[in-house]
**Q** 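Below are the C-alpha cells for one structure; questions will follow.
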Amino acid sequence: MPELPEVETCRLGIEPWLSGHTIIRVEVHNARLRWPVDKEILLLKKKQVLSVQRRAKYLLLELNEGWIIIHLGMSGCLRVMLYPQFPNKHDHIDLILNNGFMIRYTDPRRFGAWLWSDNIQKSSLLDHIGPEPLSDNFNNRWLYEKLRNKRTPIKTLLTDNKIVAGIGNIYASESLFIAGILPGRAASSLSEKDAETLVQSIKKVLLRSIHKGGTTLRNFLQSNGNPGNFIHELHVYGRKNKKCRLCGTLIQIVKHKQRSTFFCPKCQH
DNA sequence: ACACACTCCTGAATGC
DNA sequence: TGCATTCAGGAGTGTG
C-alpha cells in the first residue's frame, strides 16, 4: 500500500523524466478511478512540467496552467517506459512525453485518483492535512499537543492525516515498534518523552524506507519497475506469529478501527 | 469537535 | 476441483 515512502520513491523516480519536459498528450484507457479522471487531464495538450512535488500521499505535477493531483490509492504505481507500449488490463493512464518516454499509471484496485486543480493552495483534498513528518513542523511540541487530550489508541492517531501526513498502516506499526510504545495505548497516556521518542522514530523509519525504495507488499513498484526493498527491514508489519527480530517473542496482531496492527508484546510498553 | 462505521475495488488466500 | 467467502486498506463521507 503506497504510503509516504512509496509515494516519495515514486516522485524521485519520475521527476528526472518529467521536470522540464513536456506532456504531449494523455492517453486514458480507463477513467473510472476513485473519482472519474478530471476532464482537464483528458483534454491536456502540450504542457510543460515545471515541478514534481509531494504532499502527504499525493503527487503534484505542476504545469504551466494548473496542477495534476495524483493519489496511488491502495495498489497504484507509476513507471517510466518507452513509448509506445500496449496497455494491459490494469494500465489506466499514460502521460506521453516529448522525450520518447511515457509515464504509465497502473492500479488494479482503482482506488487511486487523477484530479485537476487550478489552485493547489485551495484544494479541498490538501487544505486540512497536517505537517509533513520529515519537516521541522512535525516536532515534539506539535505531537504532544495533539496527543494529550485524546483517548484514541496512539496507533489510530498516527494514521490520521490531520495529526501527521502520509503515515498508513505499515509505518504506524513500524514506528511504534522502533519507539517501544504499545499501539493500543491511549494517546493521552504518552509522556512528553514518549512523544519525543515517537517523533524521532517516525522520521527514522520513513527516511530509511525511502532510502530502500519503499515497501513492496503486492503491487507497488518503483518507477524503474523494481520492487521496494524496505520489506526486508520490517520488524512487525505482516509478521504475525513470527519471532521478533530483537527478542524472539512472537509478534501479535490486533485490530484498531478494523485495520491490522502488529506489535511485539515484549519490546513495546 | 470527536470517534467511529461505511464505502469504493480487485486479487490472493482460505473454507467447505 | 471449484465455487463462495474473507481479507487487505486510503480517505472522503455520513452518523450519533
Side-chain angles (χ1 to χ4, degrees), chain A residues 1-11 29-38 54-60 69-78 87-93 105-115 117 122-133 145-176 183-189 206 209 214-221 227-228 231 234 236-242 251 253-262:
Chain A
M1 337 304 156
E3 300 180 28
L4 187 150
E6 289 74 39
V7 179
E8 181 64 14
T9 294
C10 186
R11 191 192 71 77
H29 312 297
N30 186 353
R32 291 171 303 144
L33 301 181
R34 179 172 186 183
W35 301 286
V37 175
D38 271 337
R54 179 189 57 73
R55 175 78 172 105
K57 297 170 192 163
Y58 293 94
L59 278 168
L60 310 173
I69 303 177
I70 301 170
H71 197 293
L72 301 179
M74 297 288 303
S75 57
C77 67
L78 291 167
N88 290 310
K89 185 179 176 187
H90 301 304
D91 300 332
H92 307 311
I93 301 176
Y105 177 68
T106 306
D107 184 2
R109 280 181 241 187
R110 291 193 284 115
F111 268 31
W114 281 62
L115 300 172
S117 173
K122 290 186 179 168
S123 165
S124 59
L125 283 175
L126 306 178
D127 61 8
H128 61 282
I129 296 175
E132 282 292 321
E145 195 54 38
K146 292 292 169 188
L147 295 182
R148 52 195 294 255
N149 299 321
K150 301 215 167 54
R151 301 150 78 115
T152 310
I154 180 62
K155 188 269 183 165
T156 300
L157 218 72
L158 291 185
T159 60
D160 182 344
N161 273 321
K162 294 190 288 302
I163 307 292
V164 54
I167 296 178
N169 230 27
I170 298 172
Y171 297 99
S173 282
E174 291 299 313
S175 300
L176 285 163
R185 276 180 59 186
S188 56
S189 78
L206 295 179
S209 181
T215 301
T216 294
L217 293 175
R218 235 170 244 141
N219 300 293
F220 176 75
L221 295 174
I231 188 169
L234 295 177
V236 288
Y237 186 87
R239 302 193 70 245
K240 178 188 176 187
N241 287 335
K242 296 201 167 126
I251 299 301
I253 182 171
V254 290
K255 293 259 180 185
H256 293 113
K257 288 182 69 179
Q258 305 178 319
R259 301 290 189 247
S260 301
T261 304
F262 300 86

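Naming convention: chains lettered A, B, ... in sequence-line order (proteins, then strands); numbering from 1 in each chain. Since this is a predicted model, take the numbers as computed values, not measurements.
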**Q** Please state how far atom CZ in A/Phe262 lies from atom C1' in C/dG9, giving the value in whole angstrom units.
**A** 12 Å
**Q** Consider the side chain of A/His90, meaning its heavy atoms from C-beta on, and name the nucleotide among C/dA8, B/dT10, C/dG10 that approaches it most closely.
**A** B/dT10
**Q** Looking at A/Glu132 and A/Arg55, is there a salt bridge between them, counting it only when a charged N and a carboxylate O are closer than 4.0 Å?
**A**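 A/Glu132 and A/Arg55: salt-bridged.
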**Q** Send over the distance from A/His256 NE2 to B/dC4 P, rounded to a whole Å.
**A** 10 Å
**Q** So does A/Tyr237 get a side-chain nitrogen or oxygen closer than 4.0 Å to the phosphate oxygens (OP1/OP2) of C/dA8?
**A**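 No, outside the criterion.
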**Q** For A/Lys89 and A/Thr156, take the nucleotide of DNA chain B holding the closest heavy atom to each; which residue's nucleotide lies nearer the 5' end?
**A** A/Thr156
**Q** Using whole Å, report how far CG of A/Asp127 lies from C1' of C/dG12.
**A**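 That distance rounds to 13 Å.
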**Q** How close or far is atom P of B/dC4 from atom NZ of A/Lys155, stated in whole angstroms?
**A** 12 Å
**Q** With a 4.0 Å cutoff (strictly under), does any side-chain N or O of A/Tyr58 reach OP1 or OP2 of C/dG12?
**A** yes
**Q** Could you tell me whether the phosphate oxygens of C/dG9, OP1 or OP2, come under 4.0 Å of any side-chain nitrogen or oxygen in A/Lys255?
**A**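 False: A/Lys255 side-chain N/O out of range (4.0 Å or more) of C/dG9 OP1/OP2.
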**Q** Is there a donor-acceptor contact under 3.5 Å from the side chain of A/Ser175 to the main chain of A/Ala172?
**A** no
**Q** Measure CZ/A/Arg239 against P/C/dA8 and give the value in whole Å, please.
**A**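 After rounding, the reported distance stands at 18 Å.
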**Q** So does A/Arg109 get a side-chain nitrogen or oxygen closer than 4.0 Å to the phosphate oxygens (OP1/OP2) of C/dG9?
**A**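 Answer is no, no contact under 4.0 Å.
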**Q** Return the 5'-most residue of the pair A/Phe111, A/Arg151 with respect to DNA chain B, ranking by each residue's nearest nucleotide.
**A**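 The answer here is A/Arg151.
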**Q** Mind calculating the distance between CZ (A/Arg34) and C1' (B/dC9) to the nearest angstrom?
**A**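 For the pair A/Arg34 CZ and B/dC9 C1', the rounded distance is 11 Å.
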**Q** So what does A/Lys162 hit on the nucleic acid, given a heavy-atom distance under 4.0 Å: a base, only sugar-phosphate, or nothing?
**A** nothing
**Q** What are the two closest non-hydrogen atoms of A/Leu125 and A/Ile69, and how far apart are they?
**A** CD1-CG2, 4.2 Å
**Q** Between A/His92 (side chain only) and A/Asp107 (backbone N and O only), is there a donor and an acceptor less than 3.5 Å apart?
**A** yes
**Q** Check this one for me: any side-chain N or O of A/Ser260 less than 4.0 Å away from OP1 or OP2 of C/dA8?
**A** yes
**Q** Which part of the nucleic acid does A/Asn161 contact within heavy-atom distance under 4.0 Å: base, sugar-phosphate only, or nothing?
**A**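 Touches sugar-phosphate only.
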**Q** Take atom CG of A/Leu59 and atom P of C/dA11, then tell me their distance rounded to the nearest Å.
**A**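 Those two atoms, CG and P, are 12 Å apart.
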**Q** Give a yes or no on whether the backbone of A/Lys57 and the side-chain of A/Glu3 come within a donor-acceptor separation of less than 3.5 Å.
**A**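 It does not hold such a pair.
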**Q** Which nucleotide in the list B/dA3, B/dC9, C/dA8 gets nearest to the side chain of A/Lys150?
**A** B/dA3
**Q** Any strand counts, and the cut-off is 3.5 Å on both contacts for Watson-Crick or G-U wobble. Which nucleotide pairs with B/dA1?
**A** none
**Q** Between B/dC2 atom C1' and A/Ile163 atom CD1, what is the distance in whole Å?
**A** 11 Å
**Q** Taking the minimum atom-to-atom distance to the side chain of A/Lys57, which one of C/dA8, B/dA5, C/dA11 wins?
**A**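 Of all the options, the side chain of A/Lys57 is nearest to C/dA11.
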**Q** Between A/Ser75 (side chain) and A/Arg109 (backbone), is there a donor-acceptor pair under 3.5 Å?
**A** yes
**Q** Check whether any side-chain N or O of A/Ser75 sits under 4.0 Å from OP1 or OP2 of B/dT10, and answer yes or no.
**A** no
**Q** Students often get this wrong, so: under 4.0 angstrom with heavy atoms, is A/Thr159 touching a base, only sugar-phosphate, or nothing?
**A**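 Nothing, no nucleic acid heavy atom in range.
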**Q** So which heavy atom on A/Tyr171 is nearest to which on A/Glu6, and how close?
**A** OH-OE2, 2.6 Å
**Q** Between C/dA11, B/dA5, B/dT10, which nucleotide has the shortest distance from any of its atoms to the side chain of A/Lys257?
**A** B/dA5
**Q** Of all the choices, C/dG12, C/dC7, B/dC6, which nucleotide is nearest to the side chain of A/Gln258 once you look at every atom?
**A**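 Selected nucleotide (nearest to the side chain): B/dC6.
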**Q** With sugar-phosphate meaning primed atoms plus P, OP1 and OP2, does A/His128 contact a base, only sugar-phosphate, or nothing at under 4.0 Å between heavy atoms?
**A**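 Sugar-phosphate only.
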**Q** Can you figure out which of B/dT10, C/dA11, B/dC4 approaches the side chain of A/Arg259 most closely?
**A** C/dA11
**Q** Considering only side-chain heavy atoms of A/Asn169, which listed nucleotide, C/dG9, B/dC2, B/dC4, is closest?
**A** C/dG9
